[in-house]
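Everything below concerns the one structure shown next.
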Amino acid sequence: MKRKKLVVPPGARRAAAAVGGLLCAMAVAALTVTDGAGRAAAPPADDVRAVPVAAAEGGLVCPVPAELEQPDVGDDEFSAAPVETTTSLTAAVLDSAAGTEPSITTLDGERPDELTGPLTVGDVAAVREGELSGARTVRVTPGGATYATATVASVTTDGDLRGMVAGPCAVPSVEHWLVGGSTSVGSSGRLVLQNPGRTPATVSLEAWGASGPVVLGSQSLVVVPPGEQVITMLEAIAPDQSRLALHVTAEGGRVGAYVQHHRIEGLVPAGADLVVSGGAPSSTTAVSGVVSTGEPVDDPHAPRLDLLTPGTVAGTASLAVLGPDGPVRLRGGEEVSLEPGQVTTLPLGGLSEGSYTVVVDADVPVVAGAAVDRKGTAAEDAVVDDDPYDRAWLAGQAVPSGGAVADGAVAVPEHAAYEVTLSGVPDERDPERIDDVEGSTEVALRGVGPDGEEAWTRAVEVPTGGTVELDRAELAELGDTVAVVAEQPADQPGVVWSVRLAEADDESLFSVLSPTAPLAAGGDVRVRRVDAAG
């Protein structure tokens, strides 16, 4: 089959232009000289040259397979892990220009022996790897414009870890904000710090709970050796926290960070998932992929929203809930009081059945996350008859001024059904006027097949102030898909989106993923030779 040429997507062109523009602006500032009177004078044009600077090799660092810390009790009937966990890695790299060959390696840069399908050179590279045994990195050098996306999904059908524990492979960073999880009775959280670099990284931890900042003492500083990962049990350093928010900052290198969280209610599994990094503190934050089954307000399994203002100043926030039929007024969401340093939880029960995006506007910087539960069915031989639940933790996405940009990609595991949720974020979100918002944005969706070919395309009209969803049946008809890519025009109202995964044989096992933004490419730097004397 002839490989289809991928054009440079609009979002990636914007990313490349932004990086190139920034580099040029820095170069122009550095090249400014002064005349005899001390006034700025432009250097002679023939002394300036544009030197192309390629983007450095980077990539994504992936979560490790989900696992329990509890020892085996020796009795399968009461075992915390009565069944095995299956884990897969799915990755796709879409590059519109020549770059170095992408690869999948271990954290220390070695190629894993069990890799079943290499990332191949070309416009699109895709791979699916089963029986994952440790941390992986997807290494790629951006060309003119690159999407790189990967997902690690662990599925456990019974026991304490019952659920779909899925998360994206993410660009390592010097800062992460993790909103979600808990360490109260029945809950456990494993903070995983990963260093794919060549130098040690010194990581500082901050934590907040429902009552305010959590004192971590000597545990607030962690050294992560190069090519290794360090795991910290949160219940050991921040016990009895019914809700949590973490701030991870690194010096000496960039790291990956996430929390593997699971909980039980008595002997009944109550959900497992990853809490992944979301947007940094911002006055506007969006959480996409909130699903309601019509739970009442007082239902403990109704969706919930967690908010934190990490500063020292109190503030207020208002919520815009964007649903299938447009904006929805949430009782109590018109004005939410925010105490500095305290994680505030707002129940989202009382919504009609459907998918929603919650947009938070605050007069102080905030971070946000959400939790969504899904009911399963107790096994016939279960010790307790109560039905289990699975839980998905949703990361907040920062909404830049002028609207969010939808451009991004999500990798889809092989044995998962998936649905795509898209919401149009109106510029005007005043609770008294949001019902009057109009307009829409056309988002271009495309799927990448396991052979690296473009499998399908779809233009989706997303109403401003509303949410649309492509359900699993509609997407299944389009064929096997390794990754979904979304792009939107820059001159239309912003869109946020997410992908909801579910185990094909048991829809109650699920997770929600936010898109990975395009990787930034290199650009030109203007330089000139100068006389260092004087």
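Numbering starts at 1 and runs along the sequence shown. Since this is a predicted model, take the numbers as computed values, not measurements.
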Q: Using a strict cut-off of less than 4.0 Å between a Lys/Arg side-chain nitrogen and an Asp/Glu carboxylate oxygen, indicate whether R500 and E419 qualify as a salt bridge.
A: yes
Q. After noting the C-alpha distance and the side-chain angles of D387 and K375, does the key distance pass the salt bridge (Lys or Arg N to Asp or Glu O under 4.0 Å) rule?
A. CA-CA 7 Å; D387 292 327; K375 186 177 181 180; 3.6 Å; yes
Q) Judged by modelled atom types alone, do T316 and D363 share a side-chain donor-acceptor pair under 3.5 Å? A) yes
Q) Does a donor on one side chain and an acceptor on the other come within less than 3.5 Å for E295 and T293? A) yes
Q. Would S182 and L244 satisfy side chain to side chain contact (heavy atoms under 4.5 Å, CB included), going step by step from the backbone distance to the final call?
A. CA-CA 6 Å; S182 63; L244 268 176; 5.7 Å; no
(Q) A side-chain contact here means heavy atoms from C-beta on lying under 4.5 Å apart; do T357 and V290 qualify? (A) no
Q) How close do L501 and A166 get, heavy atom to heavy atom, and via which atoms? A) CD1-CB, 4.3 Å
Q. Would D390 and S508 count as having a side-chain donor-acceptor pair, cut-off 3.5 Å?
A. no
Q) Would T85 and S154 count as having a side-chain donor-acceptor pair, cut-off 3.5 Å? A) no
Q: Determine, for R162 against D160, whether the closest basic-nitrogen to carboxylate-oxygen distance falls under 4.0 angstrom.
A: no
**Q.** CA sep, side-chain torsions, deciding dist, call: L221, L205, side chain to side chain contact (heavy atoms under 4.5 Å, CB included)
**A.** CA-CA 6 Å; L221 205 62; L205 305 178; over 6 Å; no
Q) Can a donor-acceptor pair be found between the side chains of T421 and E469 at a distance below 3.5 Å? A) yes
(Q) Under a plain distance cut-off of 3.5 Å, with no hydrogens placed, do R139 and S103 share a side-chain donor-acceptor pair? (A) no
Q: Scan side-chain atoms only and decide if S188 and E235 contain a donor-acceptor pair under the 3.5 Å cut-off.
A: yes
Q. Mind checking whether H261 and W393 have parallel, tilted or perpendicular rings, split at 30° and 60°?
A. perpendicular
Q.
What I want to find out is whether D373 reaches R263 closely enough, with some N-O distance under 4.0 Å, to be called a salt bridge.
A. yes
Q | D361 and T284: side chain donor to acceptor below 3.5 Å | A | yes
Q. Can you check whether Q194 reaches E228 side chain to side chain, under 4.5 Å on heavy atoms?
A. no
Q: Could you check if a side-chain atom of L107 sits within less than 4.5 angstrom of a side-chain atom of N195, using non-hydrogen atoms only?
A: no
Q. Is the closest side-chain heavy-atom distance between L330 and L348 below 4.5 Å?
A. yes
Q: State, with a plain yes or no, whether a side-chain heavy atom of S292 is found less than 4.5 Å away from one of E353.
A: no
Q) Side chains of D240 and S184: do they bring a donor and an acceptor to under 3.5 Å? A) no
